[in-house]
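Working notes, structure below.
Order of listing sets the numbers, starting from 1, for every ligand and every atom in it. In this chain, residues are counted from 1 in sequence order.
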Amino acid sequence: MTKKIIITIDGQSSCGKSTLAKQLAKSLGYVYVDSGAMYRAITLYFLRNHIDWTDIKEVKKALKSINLEYIFNPSSNNSEIHLNDENVEYVIRDLVIAEKVSEIAAIREVREFAVIQQRKMGGRKGVVMDGRDIGTVVFPDADLKIFMTADIAVRVERRFKELFEKNPNVTIEKVKNNLEMRDYIDSNREVSPLRQAKDALVLDNTYLSEQEQFEKVLEWVKTKIVAENA
Ligand code: DC
């Protein structure tokens, strides 16, 4: 039987990590895990329950009441995140969550909580996981690590289009400020900052279509799988 591998995709906000990860998982028959969804769901819980996340005792107590699960939804053909049995896959994409998530994802206890679950999900291999620290911290021994990047103007435009469809009050400025703020916090935090792993392959998709980037990465994947099975 062909040995399965672990593929990690890290990079800044809105450079198309999840689009690529989903395409890869689908074509390989692998599981896709959106690690950012965990931090977003935890943020949703903290906001709804008025948790003071500057108080570590309160954070630890709140984390004990959080259960996260990815459940496959046949109608979207995707695994969707559930927070304490509620499907929150769509609410967590709101800008209100995006405005706070980087602050909460920088808390050591929050990261420890999420990383334990992420490692369990990759235990059987055959996984594509995207995030900020997947190739550096969660799976430092992953078989194929991809580090994605794209120009800020292109990333803002892509995210703006996505958010505007759901909320016409969203402005380009708001989206740009949010992306810049998240990139800054995610790259400068003390615990597991966003870094390119030394052995990662860099994919700059500023001038690539979805199909072009997919074909390029699929070649990288095939080469790895052949090497793993040799
Ligand atoms: O991938 P995303 O934009 O949905 O992630 C939301 C936030 O979660 C992102 O701004 C930083 C944080 N995050 C993280 O710190 N580590 C990860 N592995 C994934 C996301």
Report summary line: Of Glu103, Arg132, Gln12, Met181, the residue with the heavy atom nearest atom 1 (O) of ligand 1 is Arg132
Query raised in the report: Tyr39 heavy atoms, cut-off 4.0 Å: which ligand 1 atoms fall inside?
Result: 8 (O), 13 (N), 14 (C), 16 (N), 17 (C), 18 (N), 19 (C), 20 (C)
Report task. List every atom of ligand 1 that sits less than 4.0 Å from any heavy atom of Gly36, numbering the atoms from 1 in the order shown and giving each element. Result -> 4 (O), 5 (O), 19 (C), 20 (C)
Report task. Count the heavy atoms belonging to other residues, nucleotides or ligands that lie under 6.0 Å from CZ of Arg108, then report whether that count exceeds 12. Result -> no
Query - Beyond-backbone contact of Val127 with Tyr30, side-chain heavy atoms, under 4.5 angstrom - result: no
Report task. Output the list of atoms in ligand 1 that are nearer than 4.0 Å to some heavy atom of Gly131, sorted by atom number. Result -> 17 (C), 18 (N), 19 (C)
Requested in this report: Provide the number and element of each atom of ligand 1 under 4.0 Å from a heavy atom of Asp186.
Outcome: 9 (C), 10 (O), 11 (C)
Report summary line: Contact region, Ile134 to ligand 1, non-hydrogen atoms below 4.0 Å, reads side chain
Query raised in the report: So, Ser14 versus Arg155: side-chain donor-acceptor pair below 3.5 Å or not?
Result: no
Report task. Could you check Lys125 against Asp143 for salt bridge (Lys or Arg N to Asp or Glu O under 4.0 Å), going step by step and ending with a plain yes or no? Result -> CA-CA 10 Å; Lys125 296 222 171 185; Asp143 308 280; 3.3 Å; yes
**Report entry** Neighbour count >12 (heavy atoms, 6.0 Å) for atom CG, Asn167
**Finding:** yes
Query - For atom 3 (O) of ligand 1, closest protein heavy-atom neighbour - result: Arg182 NH1, 2.9 Å
Requested in this report: State whether the shortest distance between N or O atoms of Arg159 and N or O atoms of ligand 1 falls below 3.5 angstrom.
Outcome: no
Report summary line: Rounded to the nearest 0.5 Å, the CG atom of Leu24 sits from the NZ atom of Lys26 at a distance of 11.5 Å
Query raised in the report: What atoms of ligand 1 come within less than 4.0 Å of a heavy atom belonging to Ser102?
Result: 10 (O)
Query raised in the report: Which residue supplies the protein heavy atom nearest to atom 12 (C) of ligand 1, what is that atom called, and how far is it?
Result: Ala105 CB, 3.7 Å
**Report entry** CD (Glu157) with more than 12 external heavy atoms under 6.0 Å
**Finding:** no
Query raised in the report: Quick one: are Glu80 and Asp34 in side-chain contact, heavy atoms under 4.5 Å?
Result: no
Requested in this report: Considering only non-hydrogen protein atoms, determine which one is nearest to atom 18 (N) of ligand 1 and report residue, atom name and distance to 0.1 Å.
Outcome: Asp133 OD1, 2.8 Å
Query - NZ (Lys176) with more than 12 external heavy atoms under 6.0 Å - result: no
Requested in this report: Name the closest protein heavy atom to atom 16 (N) of ligand 1, giving the residue it belongs to and the distance to 0.1 Å.
Outcome: Arg111 NH2, 2.9 Å
**Report entry** Identity and separation of the nearest protein heavy atom to atom 19 (C) of ligand 1
**Finding:** Ser35 OG, 3.3 Å
Report summary line: The answer for which part of Arg189 has a heavy atom under 4.0 Å from ligand 1 is side chain
Requested in this report: Give the residue, atom name and distance (to 0.1 Å) of the protein heavy atom nearest atom 4 (O) of ligand 1.
Outcome: Arg40 NE, 2.6 Å
Query raised in the report: Under 6.0 Å from the OH atom of Tyr184, do we count more than 12 heavy atoms belonging to anything else shown?
Result: no
